[in-house]
Amino acid sequence: MIAIIGGSGLDHWSRLDGFAPTTLTTPFGDPAAPLLCGDIDGVAVCFLPRHGADHTLPPHRINYRANLWACKTVGARAIVAVATVGAISAHIGPGTLVLPDQIIDYTSGREASFFDGTDQTVQHVEFTEPYDAVVRKALHDAAVASGVDLRDGGTYAATQGPRLETRAEIDRLERDGCHIVGMTGMPEAALARELALPYACLALVANRAAGRGSSSLLAEIEQHLASGIACAQSLLLEALPQLAGRV
Ligand code: HPA
């Protein structure tokens, strides 16, 4: 089964209408919503909107541990996380889909590990390459096959939110080598790694980041979200069979 975690603009996917909702809880609390599990073109899929079915959970309040644990519980073998981001680099325009290959975590105060109990020995996971190569390749191949423009590679800056960044913060992220910025990439990616779930992020650029040209970031996000998500959805439909055969 392939799990798709939907972000802003993808709380609901009409392709999944009629899928049975699976309500479950986890040792870490409840996931953002019941998971929708079903079949898309012969591929077992489960879908979880990370902000909740009605988009009520801000990035810093999402129970990332419950979300990831729930995906594992229903039988996910890999995760594609769809995320809306802002572009830091001048050469990445709104509407672009990006397949990041690195992350820098600027978040704070989030429950960021399953290994924080006192009843187990200290455990570490490797995170040199935060995104899974096989899942990334399947998404990349699907983009090529379907003629969807997908930028391969880039560093995702995970910020705390829910506010957008200042111009100086974005300047700093650029100096750090970040190309795109979003609020939900961490600890989600690290938690997937702790559960040994192959995970990649399909990032949709909805706006130029703060101080990078937009007079209203929110208006720009609004303008590009729907068309970008439609593009991400067609890429996902192409990628699912590829993924299912590889993970
Ligand atoms: N910053 C952080 N998160 C975002 C942005 C942004 O500019 N756009 C969409 N999500």
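Index from 1, following the sequence. Ligands are counted one by one from 1 in listed order, and the atoms in each one are counted from 1 as well.
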Q | Over 12 foreign heavy atoms within 6.0 Å of CD, Gln123 | A | yes

Q.
To check you understand the geometry: which heavy-atom pair defines the closest contact between Gly9 and Ile229, and what is its length?
A. O-CG2, 3.6 Å

Q. Tell me, which protein residue and heavy-atom name are nearest atom 4 (C) of ligand 1, and how many Å apart are they?
A. Val181 O, 3.6 Å

Q.
Treating Arg65 as the side-chain partner and Ser113 as the backbone partner, does any N or O pair qualify as donor plus acceptor under 3.5 Å?
A. yes

Q: Do me a favour and list the nearest non-hydrogen protein atom to atom 10 (N) of ligand 1 with residue, atom name and distance?
A: Thr84 O, 3.3 Å

Q. Is the shortest distance from a heavy atom of Gly182 to ligand 1 less than 4.0 Å?
A. yes

Q: Apply salt bridge (charged side-chain N to carboxylate O under 4.0 Å, His left out) to Glu169 and Arg163, showing your working.
A: CA-CA 12 Å; Glu169 286 170 336; Arg163 65 165 176 83; 2.9 Å; yes

Q. Closest non-hydrogen protein atom to atom 6 (C) of ligand 1, residue and atom name please, with distance?
A. Leu164 CD2, 3.4 Å

Q) Looking at Glu165, which atoms of ligand 1 are within less than 4.0 Å of one of its heavy atoms? A) 1 (N), 2 (C), 6 (C), 7 (O)

Q) Which residue and non-hydrogen atom of the protein lie closest to atom 8 (N) of ligand 1, and at what distance in Å? A) Asn207 OD1, 2.7 Å

**Q.** Pro59, Ala87, Gly86: member with heavy atom nearest to atom 5 (C) of ligand 1
**A.** Gly86

Q. Counting heavy atoms only, which part of Val85 comes closer than 4.0 Å to ligand 1: side chain, backbone, both or neither?
A. backbone

Q: Going by the salt bridge (charged side-chain N to carboxylate O under 4.0 Å, His left out) test, name the single residue among Glu220, Glu165, Glu174 that passes it with Arg212.
A: Glu174

Q | Of His51, Arg50, Gln160, the residue whose pairing with Pro59 passes side-chain contact (heavy atoms from CB on, under 4.5 Å) | A | His51

